[in-house]
Amino acid sequence: MNILIRKGLRKPTAANVIYLIKAGTDLKEASLNEDEVDFVRKQHRLKHKVVELNRYKNLAYVVYGDLLGTREIRLETWRKNGNATQHMIKKAQIERVVIIPINAFKEEVLAFIEGLILGNYQFLKYKGDASKIQNSLSQVDVYMPDIEDADLDYLKVQTEAVCFARDLVNEPDSYLTAEQLSEEIRARGEISGAKVEVLHKSKIESLKMGGLLAVNRGSTNPPTFTIVEWKPENAINEKPYVFVGKGVVYDTGGLSLKPTNFMDTMKCDMAGGAAVAAAIHAIAQAKLPVYVVALIPATDNRPDGNAYAPGDVVIMHDGTTVEVLNTDAEGRMILADALSYAKNYNPELVIDMATLTGSASRAIGTIAMVGMKSKSDQEFDLLKKSGDLVHERIVEFPMWDEYKDMLKSEVADLKNVGGADAGAITAAKFLEHFTDYPYIHLDIAGPAFITKRDSYKPIGGTGVGVRLLFDFIQSKVQ
Ligand code: BES
Ligand code: MN
Ligand code: ZN
């Protein structure tokens with residue numbers, strides 16, 4: 001549900017209120033009576049960060065943020081507090097709240113609302129009315145003179161983009177085929193103002209995107225290649241930032257079939273595509289003066305009479321020949337074609353985002369993504385900073401050339417798998433082969449989809465990467 005966020009103009013007298021404070025704050029400013037102050041202090045001593053006060057006609061919440069710690073940690077605590085408050089609001093089935101910051105910086109207040117809204121996300125499309133427990137919150141008023149309408153607009157665009165990406169990831173393959181994914185991205189373009197072009201199978205064939213076509217051979221549904229462009233007249237850059245996102249709408253592994261329990265969550269294999277699409281739409285909707293392009297190659301990966309097979313040699317879009325030794329390493333096949341296609345744009349920087357390897361996920365789990373860079377030291381540092389700020393953190397792995405030796409093939413220019421070790425890195429070295437520009441590869445196999453709720457990230461698609469890319473591009477403008 002979309003929540004209406006507004007700037008409150010007057011301090012309300014009768015409403016559900018949320019006071020944002022820190023340890024040691026004078027609670028008198030929060031218009032609490034003495035008993036309430038005692039109760040709140042006691043609860044806080046018991047380590048409760050959100051204290052609920054039942055005033056019968058309405059409820060009040062007192063929320064404690066961190067006083068100490070780095071800026072990044074404080075912001076994340078506020079997001080988590082936003083989520084914790086959302087849970088209490090849901091229990092009480094409240095629809096409207098007014099936030100009154102007593103002792104919190106503007107960016108902390110915004111982080112609190114971010115957590116509140118992202119925690120309020122639900123994917124209910126396939127739930128019958130009886131099994132639906134709807135979140136109730138529909139309107140948030142913020143009473144803080146510092147906060148401007150533009151801040152709230154930015155927050156709205158950002159959180160809606162995350163929810164858009166989550167919806168796409170949560171949609172099963174039975175609905176979200178490659179063509180449907182392209183259609184959803186195209187429809188979103190009508191809202192955002194970004195230009196969307198969808199290349200269909202015949203065009204993909206004439207472009208000789210051999211990797212994408214090879215992976216698609218086992219499918220009854222055609223592949224797509226979606227191009228989203230945001231090129232405002234006032235752009236600060238001439239050469240675009242290009243995002244590339246993996247759009248495998250379902251990954252069975254193909255003939256190198258995955259074991260059943262590894263396949264359960266593979267509707268998430270287009271999470272990179274969803275994230276880059278959502279991010280560029282957010283950038284367009286916020287009218288950021290930055291020239292950005294997003295490329296999303298999409299298909300499912302299945303075994304079939306005509307499926308590509310281990311031992312096959314595929315001629316890629318740029319002419320490189322690839323010996324396929326594992327059809328489950330399909331992501332790099334479709335991304336490679338998009339990366340060589342990206343050369344047409346003479347890009348400032350290309351960032352790809354992909355649920356690429358179980359290896360990345362095993363190495364660092366679900367709480368961060370693996371990143372690697374090629375000719376982009378400075379941009380990588382800036383991206384990492386954005387990651388820390390929005391708490392979509394990047395752990396850097398090395399891109400040493402020795403790893404590329406593991407991709408040597410007897411019969412072709414490259415083989416599509418490196419071996420048992422260093423899987424996330426050899427995958428990145430494979431992709432790097434198709435680039436000649438500053439490049440960053442982000443493997444989101446760990447954080448893209450979770451099976452246990454993690455604060456403001458509910459079970460299922462997390463929308464990871466959207467806030468990262470949005471903040472990164474926003475940081476170019478300031
Ligand atoms: N989509 C998977 C990677 C994945 C694993 C994403 C777990 C999300 C969660 C990818 O296509 C894949 O199958 N990778 C293989 C590569 C291997 C065959 C070299 C893997 O990681 O096992
Ligand atoms: Mn795979
Ligand atoms: Zn995959």
>> Tell me if the centroids of the rings in F225 and Y341 come within less than 6.0 Å of each other.
In response: yes
> Partners of N216 by side-chain hydrogen bond (donor to acceptor under 3.5 Å, both in side chains), sequence neighbours excluded?
Replying inline: T299
Side-chain ([X]) to main-chain ([Y]) donor-acceptor, under 3.5 angstrom:
X	Y	answer
K267	D173	no
S182	A178	yes
R217	N306	yes
S256	T327	yes

> Relative to each other, are the rings of Y154 and F470 parallel, tilted or perpendicular (30° and 60° limits)?
Replying inline: parallel
> Parallel, tilted or perpendicular for F434 and F430, by the 30°/60° rule?
Replying inline: tilted
Between [X] and [Y], does at least one N-O distance fall below 4.0 Å, as a salt bridge requires?
X	Y	value
E108	R74	yes
K246	E330	yes
R6	D141	yes
D405	K408	yes
K373	E379	no
E160	K156	yes
K457	D454	yes

> Are more than 12 heavy atoms from other residues, nucleotides or ligands located less than 6.0 Å from atom NZ of K239?
Replying inline: yes
> Please walk me through it: do D153 and I5 pass side chain to side chain contact (heavy atoms under 4.5 Å, CB included)?
Replying inline: CA-CA 8 Å; D153 286 346; I5 322 168; over 6 Å; no
Can you see whether [Y] has [X] sitting over its ring - NZ or CZ less than 6.0 Å from the centre and within 45° of the normal?
X	Y	result
K231	Y291	yes
R79	F112	no
R166	Y121	yes
K125	Y175	yes

> If you round to the nearest 0.5 Å, how far is CG of L325 from CG of L414?
Replying inline: 11.5 Å
